[in-house]
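The figures here come from the full heavy-atom set of this structure, side chains too, leaving out hydrogens, waters and symmetry mates. In this text the structure is predicted, and so the values were computed from the model without any measurement.
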Amino acid sequence: MLGAIRILAILFLALTVIYVCLYLHFRAIRREKLEAEWGAGGRVGDRDDYIRAGLAATNKSVQRWLFLGVYVVPLTLVSLLIYLTNFA
């Protein structure tokens, strides 16, 4: 049991690095799209405010899907695999 906890802890740390990298990557892509929209649309107002509002609007959705995809699914599958291997 202690081995399984150690494996899950190491996996959690690795998944945290992956989560941060993916979050920053998706945020950079969204920022570039918002900058392109602002430049092509001839919008009136502050460019930084427009980008900040656009990032805030999509931030929660990206965090939710990344959390599910990066943490919940892999940790659940590894835990299930460990359980089935040892106790089933």
Within-4.5 Å side-chain heavy-atom neighbours: [X] and [Y]:
{"X": "I18", "Y": "Y23", "value": "no"}
{"X": "Q63", "Y": "Y19", "value": "yes"}
{"X": "R27", "Y": "V62", "value": "no"}

Q: Could you tell me which residues satisfy side-chain contact (heavy atoms from CB on, under 4.5 Å) with E37, sequence neighbours excluded, listed by chain and number?
A: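 By the side-chain contact (heavy atoms from CB on, under 4.5 Å) rule, E37 matches R30, L34, R43, Y50.
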For residues 1-8, which side-chain N or O atoms pair as donor and acceptor with protein atoms under 3.5 Å away, sequence neighbours left out?
none

Measuring from atom [atom1] of [X] to atom [atom2] of [Y], what distance do you get when rounded to the nearest 0.5 angstrom?
{"X": "I29", "Y": "L24", "atom1": "CD1", "atom2": "CG", "result": "11.5 Å"}
{"X": "E35", "Y": "I51", "atom1": "CD", "atom2": "CD1", "result": "4.0 Å"}
{"X": "K33", "Y": "T58", "atom1": "NZ", "atom2": "OG1", "result": "10.0 Å"}

**Q.** Common cluster, I10/F12, ILVMFWY with side-chain heavy-atom separation under 4.5 Å
**A.**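 Hydrophobic grouping puts I10 apart from F12.
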Distance-only donor-acceptor pairs under 3.5 Å for side chains of residues 65-88, two or more places apart:
residue	atom	partner	partner atom	Å
Y71	OH	T16	OG1	2.9
T76	OG1	V72	O	2.6
S79	OG	L75	O	2.8
T85	OG1	L81	O	2.7
N86	ND2	I82	O	3.2

